A.B. asks: 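The structure follows.
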There are 2 protein chains.
Amino acid sequence: MKISEGVEWGIHCVTVLALVPPPTALPAGRLAEYHGVPPAYLAKHLQALSRAGIVESVAGPKGGYRLARPAREITMLEVVVAIDGSEPAFRCTEIRRRGPSAVGPEGYPLPCGIARAMWAAEDAWRAELAKRTIADLVMGIAVDADPVAVEKAVTWFGEVMR
Amino acid sequence: MKISEGVEWGIHCVTVLALVPPPTALPAGRLAEYHGVPPAYLAKHLQALSRAGIVESVAGPKGGYRLARPAREITMLEVVVAIDGSEPAFRCTEIRRRGPSAVGPEGYPLPCGIARAMWAAEDAWRAELAKRTIADLVMGIAVDADPVAVEKAVTWFGEVMR
DNA sequence: GTCCCTATACTCGGATAGCAAGTGTCCGAGTATAGGCGG
DNA sequence: CCGCCTATACTCGGACACTTGCTATCCGAGTATAGGGAC
C-alpha cells in the first residue's frame, strides 16, 4: 500500500494557497517552482482539486488557482480524496463465494467480516483526516516554521506578485 | 491508494488455518483450491506469513502450513503488515526543503506538520486493525456464515484430509 | 512380527516474466490583459 | 483626455509516452513418508 506522491504535493499547495490573500490567484507554474516539483505533473493534480471544488481556477494573465472556500472549511480528507480517489483501499473480491464451499448469492446477505473490519479501519483513518483542516495546518506552520524560511517565502511571494 | 489483493487472501488463509486442529497442516495448494485463487501466487504470500512468524511450514508429505501461534494472539494488523510491508503509506519527500524558501537542514527540527497528520491517521488505521484478532474473525464467521456453506466446507476438509 | 533402509513423492522456497496503475510530459482551447487607435 | 477595439501572451484543460511495483508463474532444494527387505 502506498499513497500517491501527488497527495503530498496537493496538500502543500492548498496550504500555500491558504496564505494568499484573496482575490489573488497563484499560477500552477509558480506553485511548482516554489515546491521544486515538475510543473506539468503538479498541474494534473491541481486540476483534480479544481474538479473537486476545493480550489477554483482563474484563466488568463494574472490568473491561476485560489481556494474556493475558507481554509477553515477544507479538511485534509477532502484534499486526499480529491487526488487519490474515493474508492476504498481494500477491495473485497468475495473469494468466499468461490471454491468448494460456495452456496449461491442468497447465502451471503452480509459483507464479508474481513472486509467489514478492513473498512472499519479505513473509516478510522478518514475520521482522523477529517478532523484536521487546512487552517490547522497553517497554524502549525506558523508555530513550527523557521523564521528565516518564512521571510524568504514572503520575499519570494512579493517578487512573484510584482 | 490501494491494498494488495494478497492481503485479502492472506487473512482468509489464516482464518481457515485457525479452524484446522493442530498439529495438522494444510498445503498451499489446498488453500488455493479452497479459495479459487492461483496456487503459485498464493504460495508467495504464505511464504511472507511464514517469514513473519505468523504461520509455520511443515515440509514433506502430510506437510503444509499451520498457525505458529493461537488465533487469539494473532492480530489482523500483523497479517496485513506481513504481506503489505511495514513502511508507511504516506512518505514525506520533504518538499518544504526545496524551492526558494529552503534554509538548510538545521531549520527543520521537527517532521513536516502535514506528514505528522498523515501518519497520525495511519496510526488510527493500525490501531483499529490491531484490535481485531483472527479469533474474532473466526467467531464472526461462526455467527454469519450460511449453515450449508459451513457443511460443505467441513465435507471438503474431510475429503482433503482423508 | 519387528526393525531398518532406501526410494519416492510431496512439500516449501526463491528466482524469473507480464501487466496495470501511477508518473511525467506535451500541446491545444479559452480568456483577461495591455497597448494602440479613433473620437 | 477618454473610451473602444484588437492583438497578445498567459492561463488552464485534457490527451499521450514511460517507469515502478503488483500480479502471476515456474523450477529446484529439502524432507517426512511409505513400502520393501532383512533379521
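None of the values given here were measured: they were computed from a predicted structure. In what follows, chains carry the letters A, B, and so on, assigned in the order in which the sequence lines appear, proteins first and then strands, with residues in each chain numbered from 1.
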A.B. asks: Looking just at side-chain N and O atoms, do T93(A) and E8(B) make a donor-acceptor pair shorter than 3.5 Å?
C.D. replies: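 There is such a pair (donor and acceptor under 3.5 Å, judged by atom type) between the side chains of T93(A) and E8(B).
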A.B. asks: Without decimals, in angstroms, what is the distance between I3(A) CD1 and dA21(C) P?
C.D. replies: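 After rounding, the reported distance stands at 18 Å.
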A.B. asks: So R51(B), base contact, sugar-phosphate only, or nothing? Heavy-atom distance under 4.0 Å.
C.D. replies: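 Sugar-phosphate: the residue R51(B), judged by heavy atoms under 4.0 Å, touches backbone atoms but no base.
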A.B. asks: Name the nucleic acid region contacted by G29(B), choosing base, sugar-phosphate or nothing; use a 4.0 angstrom heavy-atom cut-off, strictly under.
C.D. replies: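 No contact at all - G29(B) keeps every heavy atom at 4.0 Å or more from the nucleic acid.
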A.B. asks: For the pair H35(B) and H12(B), name the ring-plane relationship: parallel under 30°, tilted 30 to 60°, perpendicular over 60°.
C.D. replies: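 Ring orientation, 0 to 90° scale: perpendicular.
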A.B. asks: Name the closest nucleotide to the S50(A) side chain, picking from dG13(D), dT23(C), dG14(C).
C.D. replies: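 Closest of the options to the side chain of S50(A): dG13(D).
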A.B. asks: In whole Å, I'd like the distance from the CD1 atom of I83(B) to the P atom of dA24(D).
C.D. replies: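 Atom-to-atom, I83(B) to dA24(D), this comes out as 14 Å.
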A.B. asks: Indicate, with a heavy-atom threshold strictly under 4.0 Å, whether K2(A) touches base, sugar-phosphate, or nothing.
C.D. replies: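 Sugar-phosphate: the residue K2(A), judged by heavy atoms under 4.0 Å, touches backbone atoms but no base.
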A.B. asks: Can a side chain N or O of Y41(A) be found less than 4.0 Å away from OP1 or OP2 on dT23(C)?
C.D. replies: yes
A.B. asks: Charged N to carboxylate O below 4.0 Å: is that the case for R126(A) and E128(A)?
C.D. replies: no
A.B. asks: Report the residue (K62(A) or P38(A)) whose heavy-atom-nearest nucleotide on DNA chain C is the more 5′ of the two.
C.D. replies: P38(A)
A.B. asks: Is the distance from OP1 or OP2 of dG13(C) to the nearest side-chain N or O of S57(B) less than 4.0 Å?
C.D. replies: yes
A.B. asks: Touch check for A28(A), heavy atoms < 4.0 angstrom, all strands: base, sugar-phosphate only, or nothing?
C.D. replies: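 Sugar-phosphate contact only - A28(A) comes under 4.0 Å of backbone atoms but never of a base.
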A.B. asks: Parallel under 30°, tilted from 30 to 60°, perpendicular over 60°: which one fits the rings of H45(B) and W9(B)?
C.D. replies: perpendicular
A.B. asks: Rounded to the nearest angstrom, tell me the gap between atom CG in L49(A) and atom C1' in dG13(D).
C.D. replies: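 In whole Å, dG13(D) C1' and L49(A) CG are 14 Å from each other.
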A.B. asks: Reckon S4(B) has a side-chain N or O less than 4.0 Å from the OP1 or OP2 of dT23(D)?
C.D. replies: yes
